[in-house]
Amino acid sequence: MNYHHYNPRQAALAEARALLEKAAAAAMAAGALPEAELPAFIVEIPADVKNGDVAANLAMAGARVFRKAPRQIAEAIVGALDLTGSLFERAEIAGPGFINLFLGSGWFTGVLRAACSESDYGRTDGGAGKRYNVEFVSANPTGPMHMGNARGGALGDCLAACLDWAGYEVTREFYINDAGNQIEKFGKSLAVRYLQLYKGEEACPLPAECYQGADIVAHAKNFAAEHGDAYVDGDFEQLKKDITAFALPQNIEGLQRDLGKYRIRYDVWFHESDLHAAGAVQAVVDKLLQSGACYKAEDGAIMYRSAQYAAKYGVVNKKKTDSGEEEAKDEVLVRANGIPTYFAADIAYHYNKLAVRGFDKAIDVWGADHHGHVARMKGAMDAVGLDGSRLDVVLMQMVNLMRDGKPVRMSKRTGKAITLTDLLDEVPIDSARFFFNMRESSSTLDFDLDLAVRSDSENPVYYVQYAHARICSLLKKLDAAGIAFAGPEAVDAAVLTDASEQALIRLLAAFPAEIAAAAERYDPARITRFVIDLATAFHRFYNACRILEAEGAVREGRIALCLAVRGVIRNVLTMFKIEAPETM
RNA sequence: GCGCUCGUGGCGCAGCUGGAUAGCGCGUGUGACUCCGACUCACAAGGCCGCAGGUUCGAAUCCUGUCGGGCGCACCA
């Protein structure tokens with residue numbers, strides 16, 4: 001058998017469904033069941049192995065159409081069930097009418113062989129090579145990255161990895177907001193700080209809306225070191241322009257450097273300024289004006305009709321009218337002064353992703369504080385003639401950094417909010433990437449700084465890595481003892497009868513389906529949890545079963561188990577760009 | 001006020017496209033190495049799944065309402 005892209009759990013579920021449908025048809029043909037259209041039913045993996053490997057609710061779901069008691073229906077179907085040549089060896093009727101199917105050892109053997117022979121076991125092709133663009137972090141280049149960016153980085157990168165493993169063609173992208181209002185503000189802040197160096201702070205105070213950070217002052221000093229006082233008496237706008245051109249590329253390089261240290265490599269760094277320069281923002285605004293999705297307001301601003309397009313996707317911004325009633329509030333696309341808002345640029349950007357570059361799907365990872373923007377953007381995609389459902393947004397809740405059980409907001413060293421680099425100075429990158437993927441994105445995440453640095457099994461990354469190192473050590477010991485593994489083809493899972501062994505094989509079998517589910521639900525955290533469960537199941541097996549001292553087929557089977565578990569742990573950690581150490 | 005989101009043992013979380021006795025980690029208590037890495041494992045106690053209705057053979061899961069926490073409602077991004 002070829003185990004390339006093998007998904008054993010899915011194979012078992014699909015075969016169970018087909019067998020049951022066939023049995024139901026046979027029962028109807030034989031008169032054991034009345035003729036009726038088969039109802040929708042589910043096949044699933046029961047929580048408790050006592051209830052079989054696969055369970056179906058067909059009999060219960062069919063009570064109405066067959067006009068019979070569920071258990072009678074189940075008996076008719078099971079009576080007509082032919083399991084010869086299938087993955088299953090027997091069927092039972094249980095409880096209110098569940099049909100429980102039990103897998104034969106062939107399936108277990110297949111799982112073991114696939115998992116210990118295929119180096120990329122877990123990879124499947126359900127994504128069919130569809131082109132997905134995952135955009136994440138996209139931090140403002142005006143300053144350092146914060147905790148939201150840290151979580152978004154780990155989440156987006158690992159989500160992209162899951163999609164890749166599930167068979168999608170993934171592009172990782174960073175959108176650089178190097179245009180618009182905040183760049184203006186950045187330039188102004190820099191220029192004022194520069195002038196302060198020569199004229200003093202009293203003579204040119206920094207406006208309240210400007211960036212206050214020390215990084216701005218540092219840029220200004222560097223600029224002054226290069227150009228001296230040449231700009232002091234010159235044109236302020238020219239100073240702004242030149243000092244921005246001086247500092248912005250440095251900041252962007254800083255983002256690239258810091259994210260690189262965090263092991264994130266983007267395929268595309270997309271500049272917002274390129275959209276403006278190419279006239280793409282203007283073009284999309286024109287398109288919206290033509291289609292009637294926008295209109296020109298009295299003051300000259302171009303307004304976007306919210307209600308019409310956003311209502312389909314949920315929220316629209318509301319405002320109160322003079323009479324106290326609520327109505328949809330239109331959005332400004334281009335200000336009265338002719339400068340487009342970020343919303344206009346964002347539409348052009350997503351148009352570029354979906355229409356110009358032709359991605360099947362654009363997935364954006366955003367902080368939950370931007371949720372109001374989701375319906376707007378999806379609606380806008382409809383308005384420009386695309387389909388809003390091709391844009392998906394993963395909203396991410398806040399991070400609370402915890403020390404001694406209490407939240408910490410500020411860095412002791414700088415007195416400012418803790419940045420991504422502060423975090424990575426304190427916590428291993430392995431821990432950061434793992435911890436940020438322990439909770440699904442929709443939950444707020446408490447990041448335990450004390451736990452993240454611990455080198456013991458309390459720390460889940462450590463616990464998982466330890467399982468990997470333990471297996472490596474064991475395999476070395478086998479090698480030293482001259483015990484060679486006979487190869488996957490010789491493995492027979494039927495001899496692995498211990499509950500801990502079977503539980504481990506079941507977990508191994510779930511791996512490809514887990515990745516597929518993580519990709520489908522945009523939830524890489526389930527893979528983190530999966531690998532913790534796998535490590536737990538391995539340690540349990542290790543305590544219950546001897547490997548070195550076992551003999552014959554049992555030893556072969558257990559070695560295969562070790563190889564398989566090592567492979568899956570390594571695949572998960574490598575996918576998530578976390579070290580899989582052989583010793584520790 | 002409107003909207004999004006989260007309420008599950010002392011704490012932190014799974015389970016949520018409806019299923020059979022609600023799982024896991026920490027903490028608490030008791031145990032397991034002359035033995036492959038004890039950086040590990042086992043057993044035990046502990047829960048009317050925020051609350052109230054509804055839908056049906058069956059609800060932690062779906063619907064409605066309600067209470068509580070977080071977030072958002074700019075010609076900022």
Side-chain angles (χ1 to χ4, degrees), chain A residues 42 44 46-48 50-52 55-57 60-61 63-64 69-70 94-98 100 138 140 142 177 180-183 185 209 272 297 299-303 314-320 324 326 329 331-337 339-343 345-346 366-375 395 397-398 400 402 405 438-440 442-446 448 451 454-460 462-463 465-467 469-478 481 500 520-521 525-526 529 532-533 535-536 538-550 558 562 583-584:
Chain A
I42 55 162
E44 60 175 355
D48 190 331
K50 285 203 298 284
N51 294 321
N57 70 342
M60 283 115 80
R64 191 176 308 224
F98 286 104
N100 296 336
S138 297
N140 243 317
T142 53
N177 296 106
N181 230 321
Q182 82 285 358
I183 294 297
K185 202 160 82 180
E209 76 273 14
E272 180 185 350
D299 63 0
I302 297 175
M303 305 297 291
V315 211
V316 291
N317 266 348
K318 300 267 176 59
K319 69 166 180 193
K320 287 227 168 85
E326 287 193 332
K329 185 170 177 284
E331 308 281 337
V332 181
L333 265 196
V334 181
R335 299 176 180 91
N337 63 13
I339 298 171
T341 61
Y342 85 105
F343 183 36
D346 242 15
W366 293 351
D369 53 348
H370 289 63
H371 68 78
H373 192 42
V374 176
L395 292 174
Q397 291 289 338
M398 289 190 14
N400 296 314
M402 307 293 283
M438 285 205 299
R439 303 277 173 266
E440 62 185 313
S442 60
S443 301
T444 55
L445 184 144
D446 289 348
D448 188 333
L451 188 59
R454 280 176 70 164
S455 309
D456 60 46
S457 65
E458 302 283 304
N459 182 344
Y462 200 90
Y463 180 80
Q465 290 176 322
Y466 176 67
R470 202 179 207 189
I471 297 170
C472 290
S473 160
L474 179 66
L475 293 171
K476 268 180 223 143
K477 198 144 265 174
L478 283 161
S500 66
E520 192 185 340
R521 300 179 200 190
R526 48 189 306 141
R529 283 185 235 109
I532 294 171
D533 288 347
T536 305
F538 175 76
H539 288 310
R540 184 170 299 180
F541 153 74
Y542 183 89
N543 272 273
C545 301
R546 308 297 298 173
I547 297 146
L548 208 49
E549 291 123 46
R558 288 178 182 167
C562 290
T583 58
M584 53 198 292

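Bear in mind that the values here come from a model prediction, so they are computed numbers and not experimental data. Order of the sequence lines fixes the chain letters, A, B, ..., with proteins taken first and strands second; residue numbering starts at 1 for each chain.
Between the side chain of A:Tyr462 and the base of B:C39 there is at least one donor-acceptor pair of N/O atoms closer than 3.5 Å. For B:G72, its base never sits under 3.5 Å from the side chain of A:Asp369 at any donor and acceptor pair. With hydrogens and angles left out, the side chain of A:His373 and the base of B:G72 share no donor-acceptor pair within 3.5 Å.
Classification of the A:His373-A:Tyr342 ring pair by plane angle, with boundaries at 30° and 60°, yields tilted.
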Heavy atoms under 4.0 Å is the rule here; annotate nucleotides 41-47 of chain B 5' to 3' with B where the base is hit, S where only the sugar-phosphate is, and - elsewhere.
-> SS-----

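The distance from atom CG of A:Asp448 to atom C1' of B:G27 is 14 Å, rounded to the nearest whole Å. The separation between A:Glu549 atom CD and B:G37 atom P is 10 Å, rounded to whole Å. Look at CZ on A:Phe98: it is 13 Å from P on B:G18, rounded to the nearest Å. Residue A:Arg526 contributes atom CZ, which lies 15 Å from atom C1' of B:C24 at whole-angstrom precision. Distance, A:Asp446 CG to B:G70 P: 14 Å, rounded to whole Å.
In this structure B:G1 sits in a base pair with B:C73, meeting the Watson-Crick or G-U test at under 3.5 Å. Both distances falling under 3.5 Å, in either a Watson-Crick or a G-U wobble arrangement, place B:G31 opposite B:C41. Using N1 to N3 plus N6-O4 or O6-N4 for Watson-Crick, or N1-O2 and O6-N3 for G-U wobble, each under 3.5 Å, B:G9 pairs with nothing.
A:Ile471 is listed as a side-chain neighbour of A:Phe538, based on a closest heavy-atom distance under 4.5 Å.
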Could you go through residues 541-550 of chain A and list every donor-acceptor pair under 3.5 Å that involves a side-chain atom there, pairing it with any protein atom two or more places apart or in another chain?
from     : atom 1 : to       : atom 2 : distance (Å)
A:Asn543 : ND2    : A:His539 : O      : 3.0
A:Arg546 : NE     : A:Glu549 : OE1    : 3.1
A:Arg546 : NH2    : A:Glu549 : OE1    : 3.3
A:Arg546 : NH2    : A:Glu549 : OE2    : 3.2

